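These notes are about the structure you will find just below.
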There are 4 protein chains.
Amino acid sequence: MIDGELSRRDQLVRAAFALVAEAGLEGLRLRRVAAEVGIDQSTLHHHVATKAALVAAVAEHAAGLLATTAPPAHLPPAAALRAHLDALADLVARRPELFTVTAELDLRARRDPSVRAVVERQEAGWRAVLTGLFTALGEADPAARTELVIAAVKGVRLVPDLAPLVLAQLGATDRTG
Amino acid sequence: MIDGELSRRDQLVRAAFALVAEAGLEGLRLRRVAAEVGIDQSTLHHHVATKAALVAAVAEHAAGLLATTAPPAHLPPAAALRAHLDALADLVARRPELFTVTAELDLRARRDPSVRAVVERQEAGWRAVLTGLFTALGEADPAARTELVIAAVKGVRLVPDLAPLVLAQLGATDRTG
Amino acid sequence: MIDGELSRRDQLVRAAFALVAEAGLEGLRLRRVAAEVGIDQSTLHHHVATKAALVAAVAEHAAGLLATTAPPAHLPPAAALRAHLDALADLVARRPELFTVTAELDLRARRDPSVRAVVERQEAGWRAVLTGLFTALGEADPAARTELVIAAVKGVRLVPDLAPLVLAQLGATDRTG
Amino acid sequence: MIDGELSRRDQLVRAAFALVAEAGLEGLRLRRVAAEVGIDQSTLHHHVATKAALVAAVAEHAAGLLATTAPPAHLPPAAALRAHLDALADLVARRPELFTVTAELDLRARRDPSVRAVVERQEAGWRAVLTGLFTALGEADPAARTELVIAAVKGVRLVPDLAPLVLAQLGATDRTG
DNA sequence: TATGAATGAGATTTCATTCAT
DNA sequence: TATGAATGAAATCTCATTCAT
C-alpha cells in the first residue's frame, strides 16, 4: 500500500506518529499534523474527532507495528524465541522511532484510559507469547523470564545502539547455572 | 532537616517533583507548584528563574535520591552488587514516584539539554559502578551485564510490583553456563 | 472602501494606529486593539501573528498616509514645493495623530529593525523628492535645504498649532542672501 | 564633582538617564537602574519613591544639561545667537544621548504631567531666549524664527550627524531676501 | 540605608475546538 | 470534505511596589 492510497485518517495518524517521535507527545500539535498532511487544522477534525482520539490511534498504529515481531506459530520454542528476539532487534534497528513513541505512550497510558487500553492489550499479548515460549522451553520461572525480557526491551528503547548487546543476553536458556 | 526548615527553593523543587509524578512533566504547572508551597505564582520566579530551571532542579533532586543506592565502597563485589540491587528494590518499593519521575526525565532529556546533562551524569555514575562490580566479579562481558541491569531497571520503573521479580534475576553471576 | 468593508486586518491596524496616537507605542495593548474591533484577543493573532508585526503594519499605514503629500509629478518645481508643503500643513491640521504616531515610530525604529525598514524607506522617498525639488530650483545646497525641511517638519510634529508658522518659512527660495 | 561623590539619588538618575538613551523610556527597568548603581531593586525605592518620580528626575537632569547652551548675558545679539547655536551643535556632538532622551521625554510629556511640567518649563526658557535674540536682531517675525529653530533642533535630535548641516542654516539673519 | 521575600496585576501567546460557509 | 474566522481557557513570565527585618 503506497502512501498515496492511505486514507486521510491514516495519513494523519502516521504524521502524528512521526511528530511524537520527534517532539514527544507533549510537543504534538494538531496544526503541525494537519500541515504535514497538507490540510487545514480544522479539516483535521473531520477525520479525527479529538486530539485524544488521534493519540489513541497512534497507539494502535504502534501496537500494530510491534505485533510484527510475534514469532510464527509453527516454530519450535527455541527457534521461536530466537526469531522473536531477532525480529525485535531488527525492528529497533530499522525503526527506532517506534520505540521512542512506545516509551511516550507508556507514560501517557498512566493518565489516558483509552491509550492505556491499547497499551495494555498489546502488552498482554506480548506477555502471553513470551510466557508460552518460556514454559515450552521448560524454564523454572517462565513468568520471571518473561518480565525480564519485557523490562529489558523497554529499558533499552531509547538507546537503540545498546539493544543488540542487551537482547543477546535474553535468549540464553540458563540464568543461574 | 525537616520539611519546615527546607528552603523555599527546595520546597518548590519537591512540590514540582511530586507534581511530575502525578501529572507528568507535561502536566507540570507552575501555578500548582506555587500553590502547593503556599506562595504566589510570581513569587515562585523569585526562587526559580524559569520553568526549565525548575525541571532541571527536579532532575538534580531525582539524581540525588538515586545516588543513595550506590553500594558502600568497602564491600566485596558480590555483596556490593547484592546490596545495590537490594537498595534499588527497596527504593522502588518505598518511593515508586521517583521512578516515574525518572522515566519522564529520560524522555525530556532528549529535548532539553540541561535535563540531559543531569540525567547523563547520573547514568554515567551508575554505569561506572556496575561495570566495576561486574569486572571485579570476573564476568566475561561486564559491559553487557551492566547494560542489562540498567535496561531492566529502567524497564520495570513504571511497574513497581514487578521490580522484585526482575531484579532478582540480575544478581546471578552466571548467565549462560 | 468604507470602514465596514475593511478587512479585519486593516481594521486592527487602524485601531492600533489610533491607540498608539492616544497612549503611545508603550501603551499599545493587544487586548484593547481587539476589543476596539470587537473580536477576542486570541482572534487577533489569527490576523496578525505578533505584536511586532502589528506595529510594523501600523508603520506601513503611516507611511502610506504620508505618501499622499508627494507633489504631482508634472508641476514646476516652485509650485511642487509649495504644493508639498501645503499638503503637509493640511495633513498636520487634519490628522495630527498621524504625526504623533510618526514620532513614536521614529523612536521605535531605533530598536525594532522591521519598523526601521519601513521608516527608512519612507524617509528616503521623502528626501529624494525634496532634494529633487531644491536641485531643480537651483538651490546652492539642496541637501542642506532638504534636511532643514525634514528636521523642521519632524520638530513641529507634536505641536500641530505651530506647524503653519514653521512650514511657511521653508518655502522661501533664498536662505542667506 | 566626581562620580564617587554623587548622591545615591543622583547616581540613580544618571543611570536611568543612560538607560533611557539606550532602551527608551519604554525599556527603562528599575531593576537595571538599581543594578547599574550596585544596589538592590528595593533599596532604590528609599531614594526615589516611584518610577514616575525617577523619570521626572531624569527630565530635570536633561533640562539642566540643555540649559548650558544658554548664551552669556553680556554678548551682543548676533554673537549670542551664534554662541547658542554653536553650543547646541557642540552638545549634540558630544552628548548625542541627551537628545535621544529629550525626544523620549517629549513624547512622555504628553501623558505624564510631572514630566510635562519640566519639559515645558525648559522649553519656555529656551523660547524666551531665542525670541529675545531675534527681536534684538530686528527680525520681522521673531516668534516665527524662534519656532523654526526649536523645530529644526528637535527634528535632528535623532540624527546627530546631520545637526551641523541643519544648524548652520539657522543662524542666517535673512530668510527671504 | 539596605535587603530578600512576597505580591498582584497584567501582557503576550498558544492551542484545541467549534461554527458558518 | 474542506476552510477561515472565531473563541476561551490557560500558561509563563515581567515588573513596580511593599513589608518585615
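So you know, we letter chains A, B, ... as the sequences are listed, proteins then strands, and number each from 1. Given the structure is predicted, the values throughout are model-derived calculations rather than measurements.
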Using atom CG of D:Leu12 as one end and atom P of E:dT1 as the other, report the distance to the nearest whole Å.
->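 D:Leu12 atom CG is separated from E:dT1 atom P by 12 Å.
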Which whole-number value in Å describes the distance from A:Arg32 CZ to E:dT14 P?
->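 Going from CZ in A:Arg32 over to P in E:dT14 covers 14 Å.
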Starting at the 5' end of DNA chain E, write a dot or bracket for each base, bracketing those in Watson-Crick or G-U wobble pairs whose two distances are under 3.5 Å and using | for partners on another strand.
-> .||||||||||||||||||||
For A:Gln11 against A:Leu6, the heavy-atom pair lying closest together =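 Where A:Gln11 meets A:Leu6 most closely, the heavy atoms are NE2-O, 3.3 Å.
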At their closest point, which heavy atom of C:Glu104 faces which heavy atom of C:Gly24, and how far apart are they?
->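 Smallest interatomic distance, heavy atoms only, reads OE2-CA, 3.3 Å.
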Under 4.5 Å between any side-chain heavy atoms of [X] and [Y], yes or no?
X       : Y        : result
A:Glu97 : A:Arg95  : yes
C:Lys51 : C:Arg29  : yes
C:Phe17 : C:Val101 : yes

Verdict with reasoning, B:Arg121 to B:Val118, per side-chain contact (heavy atoms from CB on, under 4.5 Å) | CA-CA 5 Å; B:Arg121 175 156 33 89; B:Val118 179; 4.1 Å; yes
Would you give a per-nucleotide map of nucleotides 4-12 of chain E, 5' to 3', where B means the base has a protein non-hydrogen atom under 4.0 Å away, S means only the sugar-phosphate does, and - means neither?
-> BBSBBBSBB
So among A:Val55, A:Val33, A:Leu54, which one has a side-chain contact (heavy atoms from CB on, under 4.5 Å) with A:Val13?
->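 It is A:Leu54; the other options fail the test.
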List the atom pairs, donor and acceptor, that lie under 3.5 Å between side-chain atoms in residues 42-49 of chain D and the rest of the protein, sequence neighbours left out.
| unit_1 | atom_1 | unit_2 | atom_2 | d |
| --- | --- | --- | --- | --- |
| D:Ser42 | OG | D:Asp40 | OD2 | 2.8 |
| D:His45 | ND1 | D:Ala49 | O | 3.1 |

